[in-house]
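Structure first, then comments.
Bear in mind the structure is a predicted one, so any value in this text is a computation, not a measurement.
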Amino acid sequence: MILWQLFISFLKIGAFTLGGGIAMIPIMRREVVEKHKWLTDMDFLDGVAAAQSSPGPIAINMSIYVGYRIKGIPGMLVSVLGSVLPSFTSIIIIASLFTRYAQEPLVRKAFHALEPAVVSLIAWPLIQISQKVGLNWRNFWIPLLALVSVAFIGISPMYVIIICIALTLIISQIKEKRGKN
């Protein structure tokens, strides 16, 4: 009975939450803490912290955490299945329709019209993050150089990240030594 409740709860969460994993957290809390009282608020917050710290989507990580806490491995499996099933089903339906209708002129025009929206959905968070990290005209050359290195020269992003970390350490050491003198 509880496995069925876990499955149905996470199926609803997965089906009716738009906006990704973070948007699922308040709905998941309402379902898990308030409605079913499977976890306390503190246990739920511990789960959120663990889910954010673990690799992978937070919604799946939370499903794993809650399901495992409630009913062990079987609980974990049904919770993850409930979370993933709505998205998986939607993607399968969209993919099958897309392959069937992708060459239709109206569909091509619709996707072409979406391109600017997709660019803005990527650009806006990038602008927000750049403001939060203090990007300005004096240090703008760093991400620009990284972009050129990856996009035009073909250097692996992994190497760019390692070089940026090394340069940051070197620059901070130089600044620290200058401050002591």
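Here the straight-line distance linking atom NZ of Lys177 with atom OG of Ser172 works out to 10.5 Å at 0.5 Å rounding. Rounding to the nearest 0.5 angstrom, the gap separating the CZ atom in Phe44 from the CH2 atom in Trp38 is 12.0 Å.
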_Derivation and outcome, side-chain contact (heavy atoms from CB on, under 4.5 Å), residues Ile25 and Val48_ = CA-CA 8 Å; Ile25 299 300; Val48 171; 4.0 Å; yes

### Task
Would you check, one step at a time, whether the test side-chain contact (heavy atoms from CB on, under 4.5 Å) holds for Ile170 with Gln173?
CA-CA 5 Å; Ile170 292 167; Gln173 287 288 2; 5.8 Å; no

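Shown here for Ser149 and Val160, the closest heavy-atom pair between the two residues is CB-CG2, 4.0 Å. Across every non-hydrogen atom of Ala59 and Met28, the tightest pair is O-CE, 4.1 Å. The shortest non-hydrogen separation linking Asn139 to Pro143 is O-CD, 3.4 Å. Across all their heavy atoms, Ile58 and Ala51 have their closest contact at CG1-CB, 3.7 Å.
Under a cut-off of 6.0 angstrom, the local environment of CD1 in Ile92 is crowded, with over 12 non-hydrogen atoms contributed by other residues, nucleotides or ligands.
Each of Glu104, Gln103, Lys109 was compared with Val107 under the side chain to side chain contact (heavy atoms under 4.5 Å, CB included) criterion, and only Glu104 meets it. Checking each of Ser9, Ser79, Ser83 against Ser63 for a side chain to side chain donor-acceptor pair (under 3.5 Å) leaves exactly one that passes, namely Ser83.
Between Trp137 and Phe140, the ring-plane angle classifies as tilted under the 30° and 60° cut-offs.
For residues 51-78, the pairs satisfying salt bridge (charged side-chain N to carboxylate O under 4.0 Å, His left out) are Asp43-Arg69, with sequence neighbours left out. A salt bridge (charged side-chain N to carboxylate O under 4.0 Å, His left out) check over residues 47-65, counting only residues at least two apart or in different chains, returns nothing. Contacts classified as salt bridge (charged side-chain N to carboxylate O under 4.0 Å, His left out) and involving residues 112-123 (residues at least two apart or in different chains) are not found.
Inspection of the His36 and Gln5 side chains reveals no N or O donor paired with an N or O acceptor under 3.5 Å.
Residues Ile70 and Leu39 meet the side-chain proximity criterion, which asks for heavy atoms closer than 4.5 Å.
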